[in-house]
Structure formats: C-alpha cells, structure tokens
Amino acid sequence: AGGADPFAKVRGMISDMITKLEDEAGRDAAKKAFCDKELGQTKEQKDDKADDVQALHTKTEQAASKAGKLKAEIAKLQSELSQITQSQAVLDRLRGKEKEIFEATKAKTEKGLKGVQAAIEVLKDYYSKDESSGASSGAANGIISILEDI
C-alpha cells in the first residue's frame with residue numbers, strides 16, 4: 001500500500017474540481033452572453049421608447065401652445081362679439097327713435113305732399129290759360145319743375 005502515490009487521490013480531486021470549475025465557467029459564459037445580448041436589446045428598446053416619449057412631449061407642448069393661442073383668439077372674438085352686440089343695441093334704439101319720429105310726421109308729410117301736388121295742378125292750370133306771355137311761361141315752367149322735384 002505504500003507504493004501508491006499519496007497525491008494521486010488529491011490530483012484526481014483537483015482534476016475533478018478543475019473540470020467542474022471549467023464547466024461552471026462555460027455555463028457562466030453562456031449566461032453572460034445571454035445577459036449581454038438581452039441587455040443590449042433592452043437598451044435599444046429603452047432608447048426607442050425614450051425617443052417616442054420625447055416626440056410625444058413635443059406634440060403635447062405644441063398642442064398646449066396651439067390651445068393657448070386658440071383660447072386667446074376665442075377671448076378676442078368674444079370681446080369683439082360683445083362690442084358688436086352693444087353697437088347693435090345702440091343702433092336698434094336709434095332706429096326705433098327714427099321710426100317713432102317718422103310715424104309721428106308721416107301724416108303731416110303726406111298732407112304736405114298732397115298740398116304741393118294740388119299747388120302744381122293749380123299753377124299748371126293758371127299758366128296754361130295765360131300762354132300769351134312768353135316770359136311768364138318760362139318762369140312758370142321753372143317754378144313747376146322746382147315743385148315737382150319736392
């Protein structure tokens with residue numbers, strides 16, 4: 001029993017341990033390769049998503065800016081509409097007063113118009129009888145035209 005190498009058993013154990021460690025190192029290398037691959041893909045996806053988020057933030061800011069401009073325009077238009085409404089109310093009151101004045105003077109105006117028309121007829125009759133005077137005929141026509149223009 002003394003001829004056997006006392007270190008053979010230790011060498012066998014060390015050799016087994018080295019084989020076991022090499023196997024574990026191979027498995028660890030495979031795991032690391034898998035993790036590196038997955039980490040790279042995840043980083044790419046994260047970068048893509050970050051770009052998408054930035055694009056959405058930009059869109060949101062543009063939409064908010066546009067909404068602010070539209071709100072300002074709406075306020076301006078409402079103000080203008082209010083002014084138009086006030087002006088319309090003033091004009092309606094003026095038209096109402098003018099209509100009242102017209103209604104009040106309409107009868108007098110029609111009566112005066114009938115009187116002028118009657119005066120024209122009387123003058124035509126008068127001057128048609130007195131055609132012998134040429135000067136008064138010209139003056140008569142001038143007076144009658146003035147009255148007809150009224």
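One-based numbering along the sequence shown. Hydrogens, waters and symmetry mates play no part in the numbers below; they use all other heavy atoms, side chains included.
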Self-check item: Trace of the salt bridge (charged side-chain N to carboxylate O under 4.0 Å, His left out) decision for K43 with D47
Solution: CA-CA 6 Å; K43 185 177 182 322; D47 291 344; 3.4 Å; yes
Self-check item: L77/E80 under side-chain contact (heavy atoms from CB on, under 4.5 Å): CA gap, chis, key distance, verdict
Solution: CA-CA 5 Å; L77 291 174; E80 290 174 0; 3.8 Å; yes
Practice problem: Could you walk me through whether R11 and I14 pass side-chain contact (heavy atoms from CB on, under 4.5 Å), step by step? | Solution: CA-CA 5 Å; R11 275 187 222 144; I14 290 175; 5.6 Å; no
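Note that the CG atom of D23 and the CD1 atom of I18 stand 12.0 Å from one another [nearest 0.5 Å]. Between I120 atom CD1 and D125 atom CG the span is 12.0 Å, to the nearest 0.5 Å. Note that CD of Q78 and OG1 of T85 are 11.0 Å apart. Values are rounded to the nearest 0.5 Å. Atoms CD and NZ, from Q62 and K59 in turn, are 9.0 Å apart once rounded to the nearest 0.5 Å. Annotation: the span from Q41 atom CD to Q45 atom CD amounts to 6.5 Å, rounded to 0.5 Å. Between the NE2 atom of H57 and the CD atom of E61 there is a distance of 8.0 Å, given to the nearest 0.5 Å.
Salt-bridge check for D28 with K32: failed, with every basic side-chain N at 4.0 Å or more from each acidic carboxylate O.
Residues E73 and K69 have side chains not in contact (no heavy-atom distance under 4.5 Å, counting atoms from C-beta outward). Residues M13 and D16 fail the side-chain proximity criterion, which asks for heavy atoms closer than 4.5 Å.
In terms of the side-chain hydrogen bond (donor to acceptor under 3.5 Å, both in side chains) criterion, residue partners of D92 (sequence neighbours excluded) are, by chain and number, Q88, R95.
At least one donor-acceptor pair under 3.5 Å links the side chain of T19 to the backbone N or O of S15.
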